[in-house]
Amino acid sequence: MDKIRMNPIVEIDGDEMTRVIWKMIKEELLEPYVALNTEYYDLGIQKRDETDDQITVDAAEAIKKYHVGVKCATITPNAQRVEEFGLKKMWPSPNGTIRAALDGTVFRAAILTSRIKPYIRTWKKPITVARHAYADVYKATEYRVPGPGKAELLFTPADGGPEVRQTIYDYECPGVLQGTYNKDSSICSFARACCEYALSVGQDLWFSTKDTISKQYDQTFKLLFQKIYEEEYKEKFKKAGITYFYTLIDDAVARVVRSEGGFVWALKNYDGDVMSDMISTAFGSLAMMTSCLVSPDGNFEYEAAHGTVTRHYHRYLQGESTSTNPIATIFAWTGALNKRGELDGNAALCTFAKKLEAAALATIESGVMTKDLAEISEGDDVRCVDTAEFLRAIRAQYEAL
Ligand code: NAP
Ligand code: MG
């Protein structure tokens, strides 16, 4: 049988258990069927250290060139990791570096199976959370007010225009004070990335802020989002049969809980941080969560939302077989291959990606699954297997479809 041919994508290898699984997935599920064409970047912690993290920058540049990438989970070094690997320094998070280089927004969505019931009964389709991962409270300037005194907001224009000064509060006792900011350029990039993503998955886009209370700050988010949508995406949305919907965040939360899912929910930085954890937990399992980084000019990077699963890796190094769930990593690959196929009109590649996803889900539906899922699965016919056996079962399903 001829293998499916493809144009290149960027392959970004990573660390620990996910690095082991990465190789297994390629050998068992991809290479037998696809003439994999990838530009390979090793972002394993040793290679990042060896290259003074240049490899991460190069990988991000490659995604801009080929427009599609797939990434394995990587270690974000902390003090303990610096010691463990004898690193030259505490290199920054690769995901942070790549996100900054692509000016990207992260979209997180759960992979659903009938075996794992969401805690919210009405949810039937995934809810994708898009978090604006720039500034706001994460880059705030904070001050512990020691006692009575006046706090002011002062803006000094760079062009020498008059200063703008407003009283925030006249303190009569100790208190707290915080200054947060954001930029039009970043908000517009966020809006574009969200519109691009909604189009690419063919789902409605929701956006919510607290603009009734925050009449300048949140109102600006609302207006810029609306403007980008009206001027650049309205027609495309109409053609795709999807809608853009703005509502106050309180209303959005109530609607999300009552909904059946199947939309993209764009949120400001803090709201997205909190809501993405709530949504992913309510859908059941971190190991079933995919993550896609989208840049406003249409570059896509796919990965699992979970980390390198260090605890399992240490057992693997002891020679134990582990029951680590490869689903999110498989879906990172199928997401990237499907996107490559879409961009190039390569129907065979898209069909392969969809069929492999269906086979992976059918395997779980049949009762064969890894330990993390077995623990929360419905049904009394569950068979818990290790990663290698699970991948073989998926391959058998694929062959049978
Ligand atoms: P983690 O790797 O996501 O694992 C936390 C725990 O969640 C695991 O110990 C395991 O629980 C469970 N788990 C996660 N993924 C699983 C899977 N596929 N199958 C089965 N169980 C799974 O998070 P972490 O231990 O906090 O972080 C480990 C390393 O990953 C850190 O160095 C961190 O910097 C990095 N990290 C990278 C990314 C990324 O590259 N996107 C994201 C997050 C963390 P049990 O042990 O109870 O089975
Ligand atoms: Mg969080």
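Atoms within each ligand, like the ligands themselves, are counted from 1 in listed order. Small disclaimer: the values here were computed from a predicted structure and weren't measured. Just the heavy atoms: all of them, side chains too, but no hydrogens, waters or symmetry mates, feed the values below.
Not a single N or O atom of Cys72, backbone or side chain, sits closer than 3.5 Å to an N or O atom of ligand 1. Of the N or O atoms in Asp372, none lie within a sub-3.5 Å distance of an N or O in ligand 1. In terms of N/O distances under 3.5 Å, ligand 1 is approached by Glu303. Polar contact check, Val309 against ligand 1: a nitrogen or oxygen pair lies under 3.5 Å apart. Note: no N/O pair closer than 3.5 Å links Thr324 and ligand 1 by distance alone.
When only modelled atom types and interatomic distance are considered, Tyr138 and Asp273 share a side-chain donor-acceptor pair under 3.5 Å.
Below 30°, between 30° and 60°, or above 60°: for Phe190 and Phe207 the angle between ring planes is above 60°, a perpendicular geometry.
Nearest protein heavy-atom neighbour of atom 28 (C) of ligand 1: Thr310 OG1, 3.2 Å.
Contact annotation for Lys371 and ligand 1: no heavy atom of the residue comes within less than 4.0 Å of the ligand.
Distances from ligand 1 to the non-hydrogen atoms of Glu16 include no value under 4.0 Å. At a 4.0 Å cut-off, at least one heavy atom of His312 sits close enough to ligand 1 to count as contact.
Within 4.0 Å of atom 6 (C) of ligand 1, not a single protein heavy atom is present.
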